[in-house]
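Inspection log for the structure reproduced underneath, given as structure tokens.
Remember, it's 1-based here, ligands and their atoms both numbered in the order they're listed. Predicted model, so just to flag it, every value in this text is computed and none were measured.
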Amino acid sequence: MNTKNTLSVCLFPAAGYGTRFLPATKAMPKEMLPILTKPLIQYGVEEAMEAGMNTMAIVTGRGKRAIEDHFDISYELEQQIKGTSKEKMLYGVRHIIDQCTFSYTRQIEMKGLGHAILTGETLIGEQPFAVVLADDLCVNESEGVLTQMVKLYQQYHCSIVAIEAIDPSKTHQYGVIAGEMIEEGIYRVTTMVEKPSPSDAPSNLAIIGRYILTPDIFDILRETSPGKGGEIQITDALMEQAKQGKVIAYQFKGKRYDCGSIDGYVQATMELYQQEKSQ
Ligand code: UTP
């Protein structure tokens, strides 16, 4: 069990249909799409590990096996490449398997991100936890976004959402917050709206796929009715915590690629490729 200051579990909702990547996502989750040689979810797991977490809780839908098999030993393959130059290509994922525990549960009906997080309760229990939407790939020159957020959690002990200033014409794609700035780039949230039109948006500060949540969120989610798009929205549940002054929004340092969209995915691939080539 955790002390108040530490977080050991990271939840990965990975049950969405990923329709923007059909047919690639017909039989596998979009979280398994690679950026260069690593699937998106591996970047997320590495970020969580860097932030001190060693229990990865994954909510799957279809394509469960692809994720489970990725974070497992492949005896036949490893035997095949043992002693060759290719062996080192598996070192990264082997390190993850050695250091972390993986647990899985299945979201039977895709009723939205809030519902996916509630489905993960069985893997988490009564402790604060991080959430990574692996299709938001975050890269940093120094500390990862979750590491930055864990530090903030140690200061505020409440739910935290990562935010980014977006082009105001794109508010309808995000949860958008408003709040009072308590430190540079840190807000106490007063309002959250899921996918508002630009004219209804309370600001241009959009929530991206990194959260730290306190476990009372589960009881709130149980009581949350379907919202925008008929889905159970995590934004609506967080709004209940925000009413009690218990949500912080954090303008993270680093760069995010929206790899759930073709444009963001291609941009991430090109930029990470350029970086790798220049090393
Ligand atoms: P998205 O809004 O990107 O939806 O989900 P999607 O279904 O994955 O993708 P598109 O829009 O059809 O292309 C945001 C995150 O929430 C998860 C997704 O896996 C993704 O990480 N999610 C969403 C669930 O796990 N369950 C759901 O019911 C909905």
Check: Ser103 side chain, Leu123 main-chain N or O, donor-acceptor pair, under 3.5 Å: no
Distance from atom 12 (O) of ligand 1 to nearest protein heavy atom, with residue and atom: Thr19 OG1, 2.5 Å
Geometric class of the Tyr153/His157 ring pair [parallel <30°, tilted 30-60°, perpendicular >60°]: perpendicular
Atoms in ligand 1 flagged as close to Met110, the criterion being non-hydrogen separation under 4.0 Å: 28 (O)
Closest protein heavy atom to atom 25 (O) of ligand 1, given as residue, atom name and distance to 0.1 Å: Ala15 N, 3.0 Å
Taking atom 14 (C) of ligand 1 as the reference point, the nearest protein heavy atom with its distance: Leu133 CD1, 4.3 Å
For ligand 1, the portion of Ala116 having any non-hydrogen atom under 4.0 Å away: side chain
Any side-chain heavy-atom pair of Glu78 and Arg94 under 4.5 Å: yes
Between NE2 on residue His115 and CD on residue Gln233, distance to nearest 0.5 Å: 12.5 Å
Ring centroid separation Tyr250 to Tyr187 under 6.0 Å: no
Those atoms of ligand 1 less than 4.0 Å from some heavy atom in Arg20: 3 (O), 9 (O), 10 (P), 11 (O), 13 (O)
Residue part near ligand 1, for His115, under 4.0 Å between non-hydrogen atoms: neither
Nearest-neighbour protein heavy atom for atom 20 (C) of ligand 1, which is reported as residue plus atom name and distance: Glu31 OE2, 3.8 Å
Check: Gln244 side chain, Lys246 main-chain N or O, donor-acceptor pair, under 3.5 Å: no
Protein heavy atom at shortest distance from atom 26 (N) of ligand 1: Gln107 OE1, 2.7 Å
Proximity winner for atom 29 (C) of ligand 1, if only heavy atoms of Ser261, Ala134, Gly112 are counted: Gly112
Side chain, backbone, both or neither: the part of Asp135 lying under 4.0 Å from ligand 1 by heavy atom: side chain
Heavy-atom nearest neighbour in the protein, as seen from atom 23 (C) of ligand 1, with distance rounded to 0.1 Å: Gly16 CA, 4.0 Å
Side-chain heavy-atom pair Tyr257, Glu271 within 4.5 angstrom cut-off: yes
Residue, atom name and distance, where the atom is the protein heavy atom closest to atom 9 (O) of ligand 1: Lys30 NZ, 3.1 Å
Nitrogen or oxygen of Gly260 less than 3.5 angstrom from that of ligand 1: no
Atom 2 (O) of ligand 1 protein-contacted, heavy-atom criterion under 4.0 angstrom: no
Nitrogen or oxygen atoms of Phe21 and ligand 1 under 3.5 Å apart: no
Backbone or side-chain N or O of Glu109 under 3.5 Å from ligand 1 N or O: no
side-chain hydrogen bond (donor to acceptor under 3.5 Å, both in side chains) between Gln241 and Ser159, intermediate numbers included: CA-CA 8 Å; Gln241 291 185 328; Ser159 290; 2.7 Å; yes
Glu87 vs Gln80, side-chain hydrogen bond (donor to acceptor under 3.5 Å, both in side chains): CA-CA, chis, key distance, verdict: CA-CA 9 Å; Glu87 194 176 8; Gln80 276 290 330; over 6 Å; no
Working for ring pair (Phe, Tyr, Trp, His ring centres under 6.0 Å), residues Phe129 and Phe218: CA-CA 11 Å; Phe129 59 102; Phe218 294 126; 5.2 Å; yes
Cation-pi geometry met for Lys38 and Tyr43 (6.0 Å, 45°): yes
Contact partition for Glu231 relative to ligand 1, non-hydrogen atoms under 4.0 Å: neither
Main-chain N/O of Lys253 paired with Asn140 side-chain donor or acceptor, under 3.5 Å: yes
Heavy-atom nearest neighbour in the protein, as seen from atom 7 (O) of ligand 1, with distance rounded to 0.1 Å: Tyr17 N, 2.9 Å
Ligand 1 contacted by Leu113 (non-hydrogen, < 4.0 Å): yes
